[in-house]
Amino acid sequence: MAEVYFFDYGKGTSILPGLEKLFYSSGMAEVAAPGARVAVKVHMGERGNLTYLRPPIVRKVVELVKAVGGVPFVADTTVLYPQKRFTARDCLETAAYNGFTPETVGAPIVIADGEDGYQGVSVEVERTVDGCRLREVKVASAFLEADAMIVLSHAKGHLLSGFGGALKNLAMGCTTKHGKAAQHASHGLGFDGSKCDGCGKCVEACVYAALRLEGGKAVRDLEKCMHCCNCLFVCEKNAFYWPEGCRDVFQVYIAHAAYAVAKVFKKGRMGFLNFVQDVTSRCDCCTTAEKAVTQDVGILASSDPVAVDKASVDLIDQAPKLAQLPHDPPDILGKINGTNSLIQLRTAQKLGLGSLKYELTTI
Ligand code: SF4
Ligand code: SF4
């Protein structure tokens, strides 16, 4: 049974002092032992998004790490698709636009997979379950230079994984472009040539030059394709599609990638803080400002990424809803996104990454 500590926003206490109390009572202070170089992993939001974690929250964690003698740096990675976080330079510009600078967070900001997003180290996935074919995952270099990591995750929904929390942040957020592509390849993007009118918009939109027109139809070169799905989003004819069941397979892969990232750190050198607030049905990579679907709940802390995510899913299910939803618990975020979010958690548990059973201690 894993321990999960909970700071309840419903108690009306100020949030930053609550975060401090949680940091010490959950044992997070031990993760950032004196002298340890501590990666504070955070998704700093796509441009246009407004529900990413606020910079003062990140600054507070940075200050807490420093207070116990750790040496923090704030880290994120580039993304696969050509939005405003495609390169490290884009990431830093967008981070600044969203309020994250070394001055505001109180620590250096490092884009962990380098300027183009390919700087990483292969970590073997020596054991697989649930049909996963990943054999290695490229973990972003800067994480291998850290002694410890505190993962700050915004608990919310995700178009492919249903729920996105600590596991998703480890898997997709701590890997290089190749690491992300290997996970995204699992969804097996489909193409229905009968819908394609040869407009060429997808060819122009593919930054990996993996598409061409042949005989008036788009043709994908699978050797070059990085599975970013930009073509799916730009095609107005819906010629590209995600096959039935692909979200379930995708979650199996993200659980394995999370397992590979966690292998990089010694036992006891990872801590997870999930912020159950601004709970949108989609993730912080979205360029639109979405409305939350539930009331804000609080902050969860644990050394177990499976337990902290399961507790987040459960608390989101129990929270008062802000809008009429066509779905009932359990797993409202999974249902909204057409999957069962427990798949990623069950697979991660099978891999020994953590436990679905937890004891919730409200501080
Ligand atoms: S954008 Fe759609 S319709 Fe246009 S070429 Fe690509 S697949 Fe065909
Ligand atoms: S073909 Fe589509 S999925 Fe593949 S890299 Fe190009 S835009 Fe991305």
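Here the structure is a predicted model, which means the values were calculated and not measured.
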Ala36 and Arg269 have their tightest heavy-atom pair at CB-NH2, 3.3 Å

Subject >> 4.5 Å side-chain heavy-atom contact, Thr175 and Val261 >> reply: yes

Tell me whether Phe250 shares a hydrophobic cluster with Phe233, the cluster being built from Ile, Leu, Val, Met, Phe, Trp, Tyr side chains joined at under 4.5 Å.
yes

_Quick one: does any side-chain atom of Arg89 pair with a main-chain N or O of Asp116 as donor and acceptor, under 3.5 Å?_
no

Next on the checklist: I want to know whether Tyr253 and His184 have ring centres closer than 6.0 Å.
Outcome noted: no

d(Lys11 NZ, Ile363 CD1) to nearest 0.5 Å is 10.0 Å

| task | Using modelled atom types only, decide if a donor and an acceptor are shared between the side chain of Lys217 and the backbone of Asp197 within a distance under 3.5 Å. | result | no

- Task: Please assess Glu126 against Tyr259 for the test side chain to side chain donor-acceptor pair (under 3.5 Å), listing each intermediate value before the final yes or no.
- Result: CA-CA 10 Å; Glu126 71 283 354; Tyr259 166 76; 2.5 Å; yes

Review point. Any side-chain heavy-atom pair from Leu159 and Trp242 closer than 4.5 angstrom?
Key: yes

(Q) I'd like to know if the side chain of Thr280 and the backbone of Arg282 have a donor-acceptor N/O pair within less than 3.5 Å. (A) yes

Any donor-acceptor N or O pair under 3.5 Å, side chains Tyr9, Gln277: yes

The reported gap from OG1 in Thr78 to NZ in Lys180 (rounded to nearest 0.5 angstrom) is 5.0 Å

CZ of Phe100 to OH of Tyr52, rounded to nearest 0.5 Å, is 6.0 Å

Interatomic distance, CG@Leu92 vs CD1@Ile111, rounded to 0.5 Å, equals 4.5 Å

Practice item. Starting from the C-alpha separation in whole Å, work towards a yes-or-no answer on side-chain contact (heavy atoms from CB on, under 4.5 Å) for Val129 and His256. Key: CA-CA 8 Å; Val129 297; His256 284 78; 3.8 Å; yes

Exercise. Is it true that Val61 and Met270 fall in one hydrophobic cluster, defined by side-chain heavy atoms closer than 4.5 Å?
Worked result: no

Tested for side chain to side chain contact (heavy atoms under 4.5 Å, CB included) against Met44, the lone hit among Val105, Ile109, Asn98, Thr94 is Ile109

Do Asp113 side-chain atoms and Ala140 backbone N/O form a donor-acceptor pair below 3.5 Å? no

Given 3.5 Å as the limit, does a donor-acceptor pair link the side chain of Lys66 with the main chain of Gly106, or not?
yes

(message) Regarding Glu124 and Arg135, does a basic nitrogen lie under 4.0 Å from an acidic carboxylate oxygen?
(response) no

query = Between the side chains of Ser302 and Asp304, is a donor N or O closer than 3.5 angstrom to an acceptor N or O?
reply = no

_Candidate pair Thr77 and Lys177, rule side chain to side chain donor-acceptor pair (under 3.5 Å), full reasoning_ = CA-CA 9 Å; Thr77 56; Lys177 278 190 168 58; over 6 Å; no

Using the side chain to side chain donor-acceptor pair (under 3.5 Å) rule, take Tyr208 and Asn230 through it: C-alpha gap first, then chi angles, then the decisive distance, then the call.
CA-CA 10 Å; Tyr208 300 102; Asn230 205 33; over 6 Å; no

State whether Asp90 and Arg85 are salt-bridged, where the test is any N-O pair (Lys NZ or Arg NE/NH1/NH2 against Asp/Glu carboxylate O) under 4.0 Å.
no

Output for pair (Glu290 CD, Ser281 OG), nearest 0.5 Å, gives 4.0 Å

Quiz item: Under 4.5 Å between any side-chain heavy atoms of Asp147 and Val38, yes or no?
Solution: no

Do the side chains of Leu53 and Ile299 join up, straight or via other hydrophobic residues, at under 4.5 Å, putting them in one cluster? yes

**Asked** Do the side chains of Ile57 and Leu273 get nearer than 4.5 Å, heavy atoms only?
**Response** no

* Asked: Does the ring centre of Phe163 sit less than 6.0 Å away from the ring centre of His158?
  -> no

For Asp309 and Ser312, test the side chains for any donor-to-acceptor distance below 3.5 angstrom and give the result as yes or no.
no

*Salt bridge between Lys138 and Glu136, side-chain N to carboxylate O under 4.0 Å?*
no

Kindly indicate, with the supporting measurements, whether the criterion side-chain contact (heavy atoms from CB on, under 4.5 Å) is fulfilled by Thr361 and Val4.
CA-CA 6 Å; Thr361 304; Val4 178; over 6 Å; no

Margin query: With a 4.0 Å cut-off on N to O distance, would you call Lys60 and Glu20 a salt bridge?
Written below: yes

Decide whether Thr51 and Asn49 meet the rule of one side-chain donor and one side-chain acceptor closer than 3.5 Å. yes

Check your understanding: Is the closest side-chain donor-acceptor distance between Asp284 and His154 under 3.5 Å?
Key -> yes

- request: Show your reasoning for whether side-chain contact (heavy atoms from CB on, under 4.5 Å) applies to Tyr241 and Asp192.
  value: CA-CA 8 Å; Tyr241 63 92; Asp192 179 352; 4.2 Å; yes

*Compare all side-chain heavy atoms of Ser355 with those of Val306 and state whether any distance is below 4.5 angstrom.*
no

May I ask you to check whether Gln83 and Thr287 show a side-chain donor-acceptor distance below 3.5 Å? no

Hey, quick one: are Ile150 and Leu353 part of the same hydrophobic cluster, counting side-chain heavy atoms closer than 4.5 Å, chains of contacts allowed?
no

query: Just by modelled atom types, is the Ala255 backbone N or O under 3.5 Å from a matching donor or acceptor in the Gln344 side chain?
result: no

Is it true that Lys84 and Glu93 have a side-chain N and a carboxylate O under 4.0 angstrom from each other? no

Item checked: Exam field: side chain Lys168 to backbone Ser161, donor-acceptor pair closer than 3.5 Å -> no

Run the salt-bridge test on Lys310 and Asp331 with the 4.0 Å N-O cut-off and return the result as yes or no.
-> no

Do Thr347 and Asp130 pass the side chain to side chain donor-acceptor pair (under 3.5 Å) test, and can you show the C-alpha distance, the side-chain angles, and the key distance before you say yes or no? CA-CA 7 Å; Thr347 302; Asp130 299 336; 2.8 Å; yes

Query - Test item: His187 side-chain N/O and Cys229 main-chain N/O as donor-acceptor pair under 3.5 Å - result: no

| task | Go through the steps to decide whether Arg54 and Thr104 satisfy the test side-chain contact (heavy atoms from CB on, under 4.5 Å), and finish with yes or no. | result | CA-CA 10 Å; Arg54 294 157 181 74; Thr104 61; over 6 Å; no

dist Met149:CE -> Arg37:CZ (nearest 0.5 Å) comes out at 13.0 Å

Heavy atoms of Ala148 and Val31 approach each other most closely as CB-O, 3.4 Å

Taking Lys41 first and then Asp76, would you say they form a salt bridge - that is, a charged N and a carboxylate O separated by under 4.0 Å? yes

>> Just checking Lys263: does its NZ atom have more than 12 heavy atoms from other residues, nucleotides or ligands closer to it than 6.0 angstrom?
In response: yes

Check your understanding: Do the non-hydrogen side-chain atoms of Phe272 and Leu170 ever get within less than 4.5 Å of each other?
Key -> yes

Legend entry - Pair Asp248-Thr339, side-chain donor/acceptor within less than 3.5 Å: yes

**Prompt:** Do any N or O atoms from the side chain of Ser14 and from the backbone of Pro17 form a donor-acceptor pair under 3.5 angstrom?
**Reply:** no

Inset, instruction - Report yes or no: is the cationic atom of Arg220 (NZ for Lys, CZ for Arg) closer than 6.0 Å to the six-membered ring centre of Phe191, at no more than 45° off its axis? - result: no

Donor-acceptor pair, side chain of Asp8 and main chain of Gly298, under 3.5 angstrom
no

